[in-house]
Amino acid sequence: MENQWKELAHKELKSSSVESLNWQTVDGIALSPLYTQACPPPSSPGLPPYIRGIRATMYTNRPWTIRQYAGFSSAETTNAFYHECLKGGQTALSVAFDLATHRGYDSDHPRVAGDVGKAGVAIDTVEDMKRLFAGIPLDQMSVSMTMNGAVIPIMAFYIVAAEEQGVAQNQLSGTIQNDILKEFLVRNTFIYPPEPSMRIVGDIIAYCAKNLPRFNPISISGYHMHEAGATPAQELAYTLADGLEYVRTALKTGLEIDEFAPRLSFFFGIGMDFFSEIAKLRAARTLWAELMGQFNPKNPQSLMLRTHCQTSGVSLSYQDPINNVVRTTIEALAAVLGGTQSLHTNSYDEALGLPTSQSARVARHTQLILAEETNITKVVDPLGGSYYLESLTQSLINKAKDYIAEIEELGGMTKAIQLGIPKRRIEEAATQRQIRLDTQQDVIVGVNKYQSDLQPDIDVLEIDTEAVRKKQLLALEDIKKQRDPQAVADCLKELRQASQSPDNLLAIAIKAARVRATLGEISAALEDCFGRYQAPVKPLTGVWQRAMSTDPKFLEIFDKVKQFALKEGRQPRILLAKLGQDGHDRGIKIIATAFADAGFDVDLGPLFMTPAEVVKQAIENDVHVIGISSLAAGHKTLIPQLIEELKQEGATDIKVICGGILPPQDHQYLVEAGVAALFTPGTSLTDIVEQTLKVLPSDC
């Protein structure tokens, strides 16, 4: 077997004419694309365990794929943006869907009024998907789609849109994320409970293995764990543990390991800890090759960890946003030096709001500059052999193995997630990170050190949700008038029946898509049988208080809360909630920890609440303050609705505060709507609690 793998690597080197990849510096120094003197043969690129890269020549023969994750407003608007990106040097597409689509709702559903077209493109039917890819040949374009909850209808729509473009399924290339475990772990855009969700994952892997041989049926994602606060070792371990769970799920469908393993792909976040992020990717490849060895694959590609990477969103600062260009460049360089296969670079304005065309162009050109101006693509694994990097890589491998062993002892990742253990570890890490920032143990330039009083003057993309929603509603109405209602009903009935049998759900959903069943209808048919999952709410407490126990400002705040309680006969009470379909709860969990540790009574609302539901809970629990976390651009619609609900219920004594991604130009609008305090990214926990104490009702 080892000889077969070596033969494969040597064949790649020979076929790419490695001598032709030699180059000279401007000083005339001759350089080779590969240096091996200090490395034994098993550590060579293109050979297991792939620590130095999955290809023998890596970028010296072909650079990484440049993708930009994008989607906003309508399919037509997003399609125009895609064409612009492709003309500007982007080499593949990556689709961002709006939160209504992620959660399996059509645009006309009352729960998604503030989410349509906001943080991605709205897709209700095959016709939307066809408009999304108009003029883009799907037999030539690799398409990545970030979708997990409503993965069945979205994949069906994509396949049917391609068919009607004249493209057969076996010609399609790209990736569907289809990683539901990390949704339960950190991102929360799930629909169904864990067990039926895993069945859906297996059905998609099985269908693609037989019908879409060039398509990756899953992208196992650590990125969202990274963004939720996971350490590099946690992200590495939990991502690979998820991967093991998916491998076992696919094997249960009757597939052989080599039928699907070569098409598994991964997705990692890349932050500002430069060498740790490089080491993380090298460690990931090494560990995956080892973990996959237990399944005895015959194809060496079954051992390869192929990955997409994205620069960090949480590392972007609201203050001095132009400096985010530097941060993204450093992170992109780490991904490249770590050996990623494709890369997305975030736009510098994403801590303020949705990226503009101009900021997206800067982000895209960051990759082009790295690929075409720096000469870093001339050498394979240029940092390989560095004492520091090799030691750090091995240390991450060892630490990740400990985490993986813990997950395996619990019975695998599905059971571990149900027990809440990895989620709690990530939340603890996120809180510790916030404490280090608040105490300047970690530095973010311009945020907690070297601050400026100047406010950012940056244009932020504004999406008219109401206009997009009206357009989608008209399109939905038109589709329903033209289609055969009986054919739709028959397909949906067949889908319900299949959910209770071993039949492949994607195969039947494709039939439903052809007759123009909507995303909401297909999702609801499955929900009828599987149910809709509601995540448990378990706030973390004690971490902030222990870290701040001797901090004078914290002790002063703690005393003020005590004085309030003595005067009023009870603690100040706050309800923390998220509105709409935004499931990113890292921030609100950390804020809940701070308020609880400062002495507040804290109610943490369930995810995906409407304004009316939040107000009802606030009144029932007799809270003083409602705190809203907004990260998905729905604040101008949903927060005024919340305040209007309070007025209608005669509860205007309850104050409203909000924090998150709030563009500067929206601040006055929110204040005039009745928001008592606004908190932008980078605000310390101490300042948030202190300012909230000041807005408590005056008669308290």
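Residues take their numbers from the sequence shown, with the count starting at 1.
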Exercise. Under the ring pair (Phe, Tyr, Trp, His ring centres under 6.0 Å) criterion, do Phe215 and Tyr158 qualify, and how do the steps go?
Worked result: CA-CA 12 Å; Phe215 199 86; Tyr158 172 67; 5.8 Å; yes

Problem set entry | Chi angles and distances behind the side chain to side chain contact (heavy atoms under 4.5 Å, CB included) call for Phe295, Leu244 | CA-CA 10 Å; Phe295 302 107; Leu244 275 179; 3.8 Å; yes

Exercise. Can you list the steps and then say if Arg586 with His224 is a side chain to side chain contact (heavy atoms under 4.5 Å, CB included)?
Worked result: CA-CA 10 Å; Arg586 168 193 174 167; His224 305 92; over 6 Å; no

Exercise. Going through the distances and angles, do Thr393 and Arg282 end up as a side-chain hydrogen bond (donor to acceptor under 3.5 Å, both in side chains)?
Worked result: CA-CA 7 Å; Thr393 300; Arg282 301 171 93 249; 3.3 Å; yes

For this session: Take Thr307 and Arg285 through the test side-chain hydrogen bond (donor to acceptor under 3.5 Å, both in side chains) and record every step on the way to the result.
Result: CA-CA 9 Å; Thr307 190; Arg285 288 192 294 271; over 6 Å; no

Exercise. What do the steps show when you test Thr345 against Gln68 for side chain to side chain contact (heavy atoms under 4.5 Å, CB included), and what is the final call?
Worked result: CA-CA 7 Å; Thr345 33; Gln68 288 301 97; 3.3 Å; yes

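Across every non-hydrogen atom of Val447 and Gly682, the tightest pair is CG1-CA, 3.7 Å. Smallest separation of non-hydrogen atoms from Thr239 and Ile220: O-CG2, 3.3 Å. The heavy-atom pair separating Leu138 from Leu172 by the smallest distance is O-CD2, 3.7 Å. Contact detail for Arg364 and Ile66: the closest heavy-atom pair is CG-CG2, 4.4 Å.
More than 12 non-hydrogen atoms from other residues, nucleotides or ligands lie less than 6.0 angstrom from CD of Gln165. Under a cut-off of 6.0 angstrom, the local environment of CZ in Arg214 is crowded, with over 12 non-hydrogen atoms contributed by other residues, nucleotides or ligands. The number of heavy-atom neighbours closer than 6.0 Å to NZ of Lys130, taken from other residues, nucleotides and ligands shown, is above 12.
The OG1 atom of Thr356 sits 5.0 Å away from atom CG of Asp349, with the distance rounded to the nearest 0.5 Å. Atoms CD1 and OH, from Ile444 and Tyr318 in turn, are 15.5 Å apart once rounded to the nearest 0.5 Å. Atom CD of residue Glu277 and atom CG of residue Leu236 lie 10.5 Å apart, to the nearest 0.5 angstrom. Separation of atoms CD1 (Ile330) and OG (Ser312) is listed at 12.5 Å; rounding is to 0.5 Å. Once rounded to the nearest 0.5 Å, the distance linking SG of Cys208 with CG of Leu506 reads 6.5 Å.
Note: Phe267 and Tyr223 have parallel aromatic rings, judged against thresholds of 30 and 60 degrees for the angle between ring planes.
Looking only at atom types and distance, the side chain of Asn178 has no donor-acceptor partner in the side chain of Tyr246 under 3.5 Å away. Between the side chains of Tyr403 and Glu235, no donor N or O sits under 3.5 Å from an acceptor N or O. A donor atom on one side chain and an acceptor atom on the other are found under 3.5 Å apart for Thr189 and Arg187.
Only one option out of Thr57, Ile54, Val380 pairs with Pro45 in a side chain to side chain contact (heavy atoms under 4.5 Å, CB included); it is Val380. When each of His308, Arg263, Gln177 is paired with Asn216, the side chain to side chain donor-acceptor pair (under 3.5 Å) condition holds for Arg263 and for no other. The residue from Asn188, Asp242, Asn148 that alone fulfils the side chain to side chain donor-acceptor pair (under 3.5 Å) condition with Lys182 is Asn148.
Taking 4.0 Å as the cut-off between side-chain N and carboxylate O, Lys210 and Glu259 do not count as a salt-bridged pair.
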